[in-house]
Amino acid sequence: MLKSKAKYFVTLVLSAVLAFSTIFSAYASTWAMTGDTYAHDPSYIQEGSGTRWVFSTGQGIQVHWSADGKAWNLGIQVFASEPAWWAQQVPNHAKLDVWAPDIFYYNGKYYLYYSISSFGSQNSAIGLVTATSITKGDWVDQGMVLKSTTSSSYNAIDPNLFADKNGNLYMSFGSWWNGIYVTAIDKSTMKPTGNSYRIATKSGGIEGSSVVYNSSTGYYYLFVSIGTCCQGVNSTYKIAVGRSTSVTGPYLDKSGVDMKNGGGTVMDSGNGAWKGPGGQDIAGTNIIIRHAYSVAENGAAHMLISDLQWDSSGWPYYS
């Protein structure tokens with residue numbers, strides 16, 4: 001009888017632990033953050049084992065920092081004034097209004113790619129600024145990386161740098177028009193070399209691409225923002241994904257539809273508290289940052305960070 005009761009007690013405890021673990025895993029994915037989290041099109045990096053940094057759309061490139069990933073502070077913008085080439089290459093660009101930066105660490109240096117344009121225009125450019133230390137803020141502008149005009153097939157905004165499984169560098173980019181493209185990056189100049197290849201399109205809007213290789217699954221994953229942004233709680237942004245065994249595609253969604261033909265599995269369409277999630281960036285293979293519009297704050301854009309997880313079929317998800 002005592003043995004039976006002991007067995008029942010152990011079973012009860014194990015069931016409780018399992019239930020708690022299930023509840024915890026379902027709600028532990030999105031980070032609890034305080035302080036200044038207002039951001040749009042955020043890009044995340046940790047400097048060594050120390051400070052976490054987020055770069056986002058804003059005057060001179062908006063900067064946030066945190067010592068622990070929980071309490072966030074507004075930092076000093078990257079650009080105090082516009083480089084001369086901005087006005088020369090993109091005349092309608094509005095002063096220090098810089099979009100969708102992407103931070104990348106390579107060979108002891110931080111590479112921060114960014115976009116200049118005007119809303120709804122194809123006259124755009126991607127620029128590059130570098131630093132040996134984000135904390136020191138010794139940023140040096142490296143000029144233009146890529147440009148588009150009304151005669152281009154793409155729109156040169158929303159850059160994302162990534163490495164393939166062999167360490168070769170690539171940049172994905174693009175917004176609306178003919179969609180998302182990818183091009184090889186020269187390691188000496190950190191600028192494009194060779195052709196650009198179209199890898200995704202979507203009627204109704206596609207932009208904000210992020211590509212990551214997951215060595216555990218053997219796939220490249222293309223994350224995109226589909227729909228429309230920048231309308232507060234009326235934004236229709238959603239985060240969608242597809243995967244490929246090759247950098248240049250085809251990237252197929254869960255149903256096998258090529259993203260070049262409009263495919264893409266939606267993994268986040270928002271909820272009652274947050275509308276229009278998008279502008280995502282993937283750090284490593286285990287962190288996803290994006291913005292969403294707060295219903296409680298009448299559409300104010302905040303950054304949200306979650307642990308990116310992978311299911312048994314090799315597809316990413318977060319809660």
Side-chain angles (χ1 to χ4, degrees), residues 18 21-31 42-46 69 102-105 158-174 179-185 197-202 206-227 237-271 277-290 292 304-319:
L18 180 60
S21 299
T22 302
I23 292 171
F24 182 80
S25 64
Y27 292 96
S29 181
T30 297
W31 300 8
S43 181
Y44 172 98
I45 197 169
Q46 184 172 5
D102 182 67
I103 187 70
F104 186 80
Y105 181 74
D158 293 3
N160 171 246
L161 262 285
F162 66 96
D164 71 3
K165 62 182 179 181
N166 298 314
N168 300 306
L169 301 182
Y170 291 85
M171 179 177 74
S172 67
F173 65 95
I180 307 300
Y181 286 73
V182 65
T183 185
I185 293 294
Y197 301 91
R198 184 160 55 94
I199 56 175
T201 59
K202 189 77 171 180
I206 185 170
E207 54 193 359
S209 63
S210 295
V211 179
V212 62
Y213 177 71
N214 188 334
S215 59
S216 297
T217 66
Y219 284 102
Y220 295 91
Y221 293 82
L222 171 60
F223 298 79
V224 295
S225 301
I226 59 175
Y237 251 8
K238 300 178 181 67
I239 298 174
V241 66
R243 68 185 186 185
S244 174
T245 55
S246 169
V247 168
T248 55
Y251 287 88
L252 308 181
D253 64 17
K254 286 185 178 181
S255 298
V257 180
D258 191 340
M259 293 182 73
K260 196 173 178 179
N261 296 324
T265 298
V266 173
M267 58 183 298
D268 189 355
S269 57
N271 53 45
Q280 70 290 325
D281 180 42
I282 315 300
T285 57
N286 63 346
I287 294 174
I288 182 169
I289 186 171
R290 70 279 186 201
L304 303 177
I305 306 177
S306 298
D307 299 322
L308 188 62
Q309 301 169 22
W310 303 84
D311 67 21
S312 59
S313 297
W315 287 99
Y317 71 96
Y318 57 90
S319 56

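This chain uses plain numbering: 1 for the first residue, then up along the sequence.
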Are the side chains of I305 and T30 in contact, using a 4.5 Å heavy-atom criterion?
no
The reported gap from CZ in F104 to CG in L161 (rounded to nearest 0.5 angstrom) is 5.5 Å
Beyond-backbone contact of S172 with Y181, side-chain heavy atoms, under 4.5 angstrom:
no
Less than 3.5 Å apart, any donor N or O on the side chain of N286 or W310 sitting next to an acceptor on the other?
no
Work out which heavy atom in Y213 is nearest to a heavy atom in T285; give both atom names and the distance.
O-CG2, 3.6 Å
Heavy-atom closest pair (W31 atom, G69 atom, distance to 0.1 Å) is CE3-O, 3.4 Å
Is it the case that Y237 and E207 place a side-chain donor and acceptor less than 3.5 Å from each other?
yes
Are any side-chain N or O atoms of K238 and backbone N or O atoms of I226, one a donor and one an acceptor, separated by less than 3.5 Å?
no
Does some side-chain heavy atom of I45 sit less than 4.5 Å from a side-chain heavy atom of Y105?
yes
Looking at CZ of R290 and CG of D268, how far apart are the two atoms once the value is rounded to the nearest 0.5 Å?
6.0 Å
Working to the nearest 0.5 Å, report the span between CD1 of I180 and CG of D158.
7.0 Å
Interatomic spacing from OG1 in T183 to CE in M171 - rounded to 0.5 Å
6.5 Å
Interatomic distance, CZ@F162 vs CD1@I185, rounded to 0.5 Å, equals 9.5 Å
Residues passing the side chain to side chain contact (heavy atoms under 4.5 Å, CB included) test with D311, sequence neighbours excluded, are K254, S313, W315, Y317
Please tell me whether S244 and S246 have a donor and an acceptor in their side chains that are separated by less than 3.5 angstrom.
no
Closest heavy-atom contact between A200 and I206?
CB-CD1, 3.8 Å
For P42 and D281 the tightest heavy-atom approach is O-CB, 3.4 Å
Are any of the side-chain heavy atoms of Y318 and D307 separated by less than 4.5 Å?
no
Without placing hydrogens or testing angles, list every side-chain donor-acceptor pair under 3.5 Å for residues 217-225, not counting sequence neighbours.
unit_1: T217; atom_1: OG1; unit_2: N214; atom_2: O; d: 3.3
unit_1: T217; atom_1: OG1; unit_2: Y219; atom_2: N; d: 3.3
unit_1: T217; atom_1: OG1; unit_2: Y221; atom_2: OH; d: 3.0
unit_1: Y220; atom_1: OH; unit_2: K165; atom_2: N; d: 3.0
unit_1: Y221; atom_1: OH; unit_2: G314; atom_2: O; d: 2.4
unit_1: S225; atom_1: OG; unit_2: G279; atom_2: N; d: 2.8
unit_1: S225; atom_1: OG; unit_2: Q280; atom_2: OE1; d: 2.8

Quick one: closest heavy-atom pair of I287 and L308, and the distance?
N-CB, 3.9 Å
Roughly how far apart are R198 CZ and M259 CE, rounded to 0.5 Å?
12.5 Å
Smallest separation among heavy atoms of I199 and T248, with atom names:
CG2-O, 3.5 Å
Quick one: does any side-chain atom of T265 pair with a main-chain N or O of S255 as donor and acceptor, under 3.5 Å?
no
